[in-house]
Amino acid sequence: MEDQETVIAGRIMSLRTHGKASFADLMDSSGRIQLYLRINTLGEEGYGLFQTLDIGDIIGVTGRVFKTRRGEISVEVKDLKLLSKSLRPLPEKWHGLKDVDLRYRQRYVDLIVNPEVRDVFIARSRIIQSLRNFLIERGFLEVETPMLNVIAGGANAKPFVTHHNALDMDLYLRIAPELYLKRLLVGGFERVFEIGKNFRNEGMSTKHNPEYTSCELYQAYADAEDMMRITEEIFAHVAKEVVGSTKITFQGEEIDLTPPWPRKPMLEAIKEYSGVDLSGLTDEEARRLAKEKGISVPAQASYGNVVEEFFDAFVEPNLIQPVFITDHPVEVSPLAKRKKDNPQLTDRFEPFIVTWEVANGFTELNDPIDQEQRFRKQMEQRDRGDEEAHMMDEDYIRALEYGMPPAGGLGIGIDRMVMLLTDSPSIRDVLLFPHMRPR
RNA sequence: GAGCCAUUAGCUCAGUCGGCAGAGCACCGGACUUUUAAUCCGGGUGUCCCGCGUUCGAAUCGCGGAUGGCUCACCA
């Protein structure tokens, strides 16, 4: 490159003027380069224009590449054009923009002055691309299903409500694409996936944003075990491609994503960490045990609710290295197939890493009669005031009545996956424009 | 939704006991033809988050509110 003529454009990030010669740093999306400007090469007029420039202005230059006395590759500018004027001063060059409120609200400024922020979003794009390629290579078809739903199904969550004027009816923003994707299995697509936003009308935290991205995939003639294998393969594959290794560091903790990950039934995990054996109890026995152990559960809590509470309290905080928790109670898994040898439990799994649930999968319930009963149970909970209980979806039942092939399904929380792989402690660090209360 | 903490110049931050509102960077003027957190000289650009109160006097104390962060609760 040395001694070659070049044409570049970018934003001025710093200025060092020395009278009749000056240095400037120019930044574009590929990085920074130093400019050297002399009155001898630019002429009175060109150098005069340069002297009116501010940090933040976007300019285009032509010039010759050379190495300075201190060995820095630079461009000696022969011609210079102001392309865009910056009217507002940029944050300080040394400390950058730290105020998190401003960083999120004015992400454009954050991206200009904090280069590591840009790197996170480049990584996010690569992670999603890597995941997409992985699935397409394995014969999965990428599809798009409705985000405006008459029934918000596929998860237990409070939906956002919106209104369709022409039809004069309320609609829900989807909380999960699950039921649509399984209709596609009925229709004959054997491997489908969708990457997209879900919307949940719930609290926000370092791990929750009202709109978030998931990847759901469904494979006919597969089961939960197949889905666990694909889960660990996805994480290993993406980590290798984006981070360069299946061993990653998260907030100082070494995490080994190398497959296979251990499998542990939920009841066994609870027994291991709390000493309590919850297997085979009635609702009432389970509630009594919860009270004994100081776990608060609603008076109406089912066996499954109690198990979940025990799990959250005793087990979850300990799950740092990847592990699949399996065999969730049927009451908290209304779309999963029951275990053949224990109808109280389902053939379901959730992988945990750094105490987060990073995905959720199971052998899909394809028995329309059992599914209808499960929906009815959910409706009862709804009637008792549980706003997050599943809605009845009669069309989904009808689809199952045509016959859905046995299948495995998996949903991955993309934001959490990106947090993990970019060592980001807050979901807001991996969302370009996280939800904020308006100012 | 609850608790704790924060909010001062465009940005990063000081501000003591209640007594004239401060620094660095950025910006403006001047010097300087290989610097790189350039240097040197001069210039402070402000709704001290908002409101009410206490006081001779409030950035500072009290009450109420706004916004944000963290923790907890709910969830993925």
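Since this is a predicted model, take the numbers as computed values, not measurements. Here is the naming used below: chain letters follow the sequence lines, and residue numbers restart at 1 for every chain. Hydrogens, waters and symmetry mates are skipped; everything else that's a heavy atom, side chains included, is used.
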J.: Distance between the P atoms of G68(B) and C63(B), in whole angstroms?
T.: 23 Å
J.: At under 4.0 Å between heavy atoms, which parts of nucleotides 35-51 of chain B does protein reach? Answer with one letter per nucleotide, 5' to 3': B base, S sugar-phosphate only, - none.
T.: BBBB-------------
J.: Under the side chain to side chain contact (heavy atoms under 4.5 Å, CB included) rule, collect the residues that match up with R118(A), sequence neighbours excluded.
T.: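 Side chain to side chain contact (heavy atoms under 4.5 Å, CB included) check on R118(A) returns M27(A), S29(A), L111(A), I122(A).
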J.: Kindly give the atom pairs (protein nitrogen or oxygen, nucleotide nitrogen or oxygen) under 3.5 Å for nucleotides 4-9 of chain B.
T.:
none

J.: Assign D99(A) to base, sugar-phosphate, or nothing according to its heavy-atom contacts below 4.0 angstrom with the strands shown.
T.: sugar-phosphate
J.: Expressed in whole Å, how much space separates the C1' atoms belonging to G22(B) and G30(B)?
T.: 25 Å
J.: List the residues meeting salt bridge (Lys or Arg N to Asp or Glu O under 4.0 Å) with R124(A), not counting sequence neighbours, and say none if there are none.
T.: D415(A)
J.: On RNA chain B, nearest-nucleotide positions of E309(A) versus Y36(A): which is more 5'?
T.: Y36(A)
J.: Is there, by distance only and without an angle test, a donor paired with an acceptor across the side chain of N40(A) and the base of U33(B) below 3.5 Å?
T.: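 Result: at least one qualifying N/O pair found.
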J.: Can you tell me how far C1' in C32(B) sits from the matching atom in A38(B), rounded to whole Å?
T.: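 After rounding to an integer number of Å, I get 11 Å for this pair.
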J.: Between G15(B) and C52(B), how many Å separate the two C1' atoms, rounded to a whole number?
T.: 25 Å
J.: Roughly how many Å apart are A26(B) and G43(B), using the C1' atom of each and rounding to a whole number?
T.: 14 Å
J.: Nearest 0.5 Å, please: how far is CG in D57(A) from OG in S84(A)?
T.: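 If we round to the nearest 0.5 Å, S84(A):OG and D57(A):CG are 8.5 Å apart.
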J.: Hey, could you give me each pair passing salt bridge (charged side-chain N to carboxylate O under 4.0 Å, His left out) that has a residue in residues 309-337 of chain A? Not counting sequence neighbours.
T.: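 Output for this query lists D327(A)-K339(A).
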J.: How would you list all residue pairs meeting salt bridge (charged side-chain N to carboxylate O under 4.0 Å, His left out) that involve residues 247-263 of chain A, not counting sequence neighbours?
T.: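 Output for this query lists E225(A)-R263(A), E232(A)-R263(A).
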J.: Using a cut-off of 4.0 Å on non-hydrogen atoms, how would the nucleic acid contact of L102(A) be classed: base, sugar-phosphate, or nothing?
T.: sugar-phosphate
J.: Under a 4.0 Å heavy-atom cut-off, which of residues 108-132 of chain A touch RNA chain B?
T.: none
J.: In whole angstrom, give me the gap between the C1' atoms of A21(B) and G62(B).
T.: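 Straight-line distance between the two C1' atoms is 23 Å.
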J.: What's the gap between U60(B) and U54(B) when it is taken at their C1' atoms, as a whole Å value?
T.: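 So the two C1' atoms sit 13 Å from each other.
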J.: How long is the line joining CZ of R103(A) and P of U12(B), in whole Å?
T.: 11 Å
J.: Would you check if the distance from the ring center of F134(A) to the ring center of F235(A) is below 6.0 Å?
T.: no
J.: Quick one: list whatever passes salt bridge (Lys or Arg N to Asp or Glu O under 4.0 Å) with E144(A), sequence neighbours left out.
T.: none
J.: Under 4.0 Å between any heavy atoms, over every strand shown, what does F199(A) touch: base, sugar-phosphate, or nothing? Just pick one.
T.: nothing
J.: Could you tell me how far apart I39(A) (CD1) and U34(B) (C1') are, to the nearest whole angstrom?
T.: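 I39(A) atom CD1 is separated from U34(B) atom C1' by 16 Å.
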J.: Which whole number of Å gives the distance between the P atom of G24(B) and that of A66(B)?
T.: 38 Å
J.: Please identify each residue that fulfils salt bridge (Lys or Arg N to Asp or Glu O under 4.0 Å) with R183(A), with sequence neighbours left out.
T.: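 Only D393(A), D395(A) meet the salt bridge (Lys or Arg N to Asp or Glu O under 4.0 Å) criterion with R183(A).
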J.: Please name all residues satisfying salt bridge (Lys or Arg N to Asp or Glu O under 4.0 Å) with E76(A), sequence neighbours left out, ordered by chain then number.
T.: R38(A), R64(A)
J.: What's the closest nucleotide to the side chain of V100(A) if the choices are G68(B), A26(B), U33(B)?
T.: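 So the nucleotide nearest the side chain must be G68(B).
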J.: Contact class for N198(A) vs. all strands (heavy atom < 4.0 Å): base, sugar-phosphate, or nothing?
T.: nothing
J.: Check this one for me: any side-chain N or O of R105(A) less than 4.0 Å away from OP1 or OP2 of G68(B)?
T.: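 The answer is yes; a side-chain N or O of R105(A) sits under 4.0 Å from OP1 or OP2.
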J.: Taking only residues two or more places apart in sequence or in another chain, which ones pass side chain to side chain donor-acceptor pair (under 3.5 Å) with H328(A)?
T.: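 So H328(A) forms a side chain to side chain donor-acceptor pair (under 3.5 Å) with E350(A).
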J.: Fit a plane to each ring of F140(A) and F193(A), take the angle between them on a 0 to 90° scale, and name the class: parallel (under 30°), tilted (30 to 60°) or perpendicular (over 60°).
T.: perpendicular
J.: Please name all residues satisfying ring pair (Phe, Tyr, Trp, His ring centres under 6.0 Å) with F310(A), sequence neighbours left out, ordered by chain then number.
T.: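 Only F314(A) meet the ring pair (Phe, Tyr, Trp, His ring centres under 6.0 Å) criterion with F310(A).
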J.: When you measure from the side chain of F66(A), which nucleotide among C11(B), A76(B), U34(B) comes out closest?
T.: U34(B)
J.: With a cut-off of less than 4.0 Å, is there a side-chain N or O of R437(A) near OP1 or OP2 of A66(B)?
T.: no
J.: When all nucleic acid strands are considered with a 4.0 Å heavy-atom cut-off, which category describes G96(A): base, sugar-phosphate, or nothing?
T.: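 Touches sugar-phosphate only.
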J.: Would you say the side chains of T68(A) and Q34(A) form a donor-acceptor pair under 3.5 Å?
T.: no
